[in-house]
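All remarks here apply to the structure that follows.
The residues of the chain are indexed from 1 along the displayed sequence.
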Amino acid sequence: MNKVNTNKRLELVKAIRMQNHYDRQLFRSRENFLYSDSPAMRPAVKHGELYSLEAEEKQGAEEKAAPVTGSFRIRLVIAMVLLLSFVICDIRQVSYEGESAETVFERIVEDTDLSGVLDGIALPQAEF
């Protein structure tokens, strides 16, 4: 048996890697062709190969790029504006159609009696 020198080994490794890369590309194109119309498989094809042959780092970077938006900040700003306007109206003694900040505050803290409201509603009786 002849001994193979280092350059020949490096060329062989390079050829094997190129063939492996070509096979993966071919496999990926076939996956896209097969599963592109299926909604269940679309996320898997979108983020890489179906059977996770690609590195996990590439998938994580794509998922982190999508920002998460919510309405908490908007609701917080609206609540702060309403509270600030209530305090300003109280300080300046502003009233609108006979309603001042004091009467609004009294309505908020007063104990509401719901017994009259509940008496008018017929509640179903449970049969045992």
Worksheet, complete the sentence: Value for CD (Glu11) from OG1 (Thr6), rounded to nearest 0.5 Å, stands at 11.5 Å
Worksheet item: Between Asn5 and Arg9, is any pair of side-chain heavy atoms under 4.5 Å apart?
Response: no
Worksheet item: Measuring from Asp90:CG to Ser85:OG, what's the distance to the nearest 0.5 Å?
Response: 11.5 Å
Worksheet item: Just wondering, do Leu12 and Lys8 contact through their side chains at under 4.5 Å, heavy atoms?
Response: no
Discussion item. For the CZ atom of Phe72 and the CG atom of Leu76, what is their distance to the nearest 0.5 Å?
Written reply: 5.0 Å
Worksheet item: Mind checking whether Leu82 and Phe86 have side chains closer than 4.5 Å, heavy atoms only?
Response: no
Item to complete: To the nearest 0.5 Å, tell me how far Ile108 CD1 sits from Glu106 CD.
Response: 10.5 Å
Fill in: CZ on Phe33 to CZ on Arg30, rounded to 0.5 Å
11.0 Å
Worksheet entry | Exam field: side chain Thr103 to backbone Glu99, donor-acceptor pair closer than 3.5 Å | no
Worksheet item: Going by atom types only, do Gln19 and Asp23 share a side-chain donor-acceptor pair under 3.5 Å?
Response: yes
Worksheet item: What closest approach, in Å, do Cys89 and Ala101 show between heavy atoms, and which atom pair accounts for it?
Response: C-CB, 4.4 Å
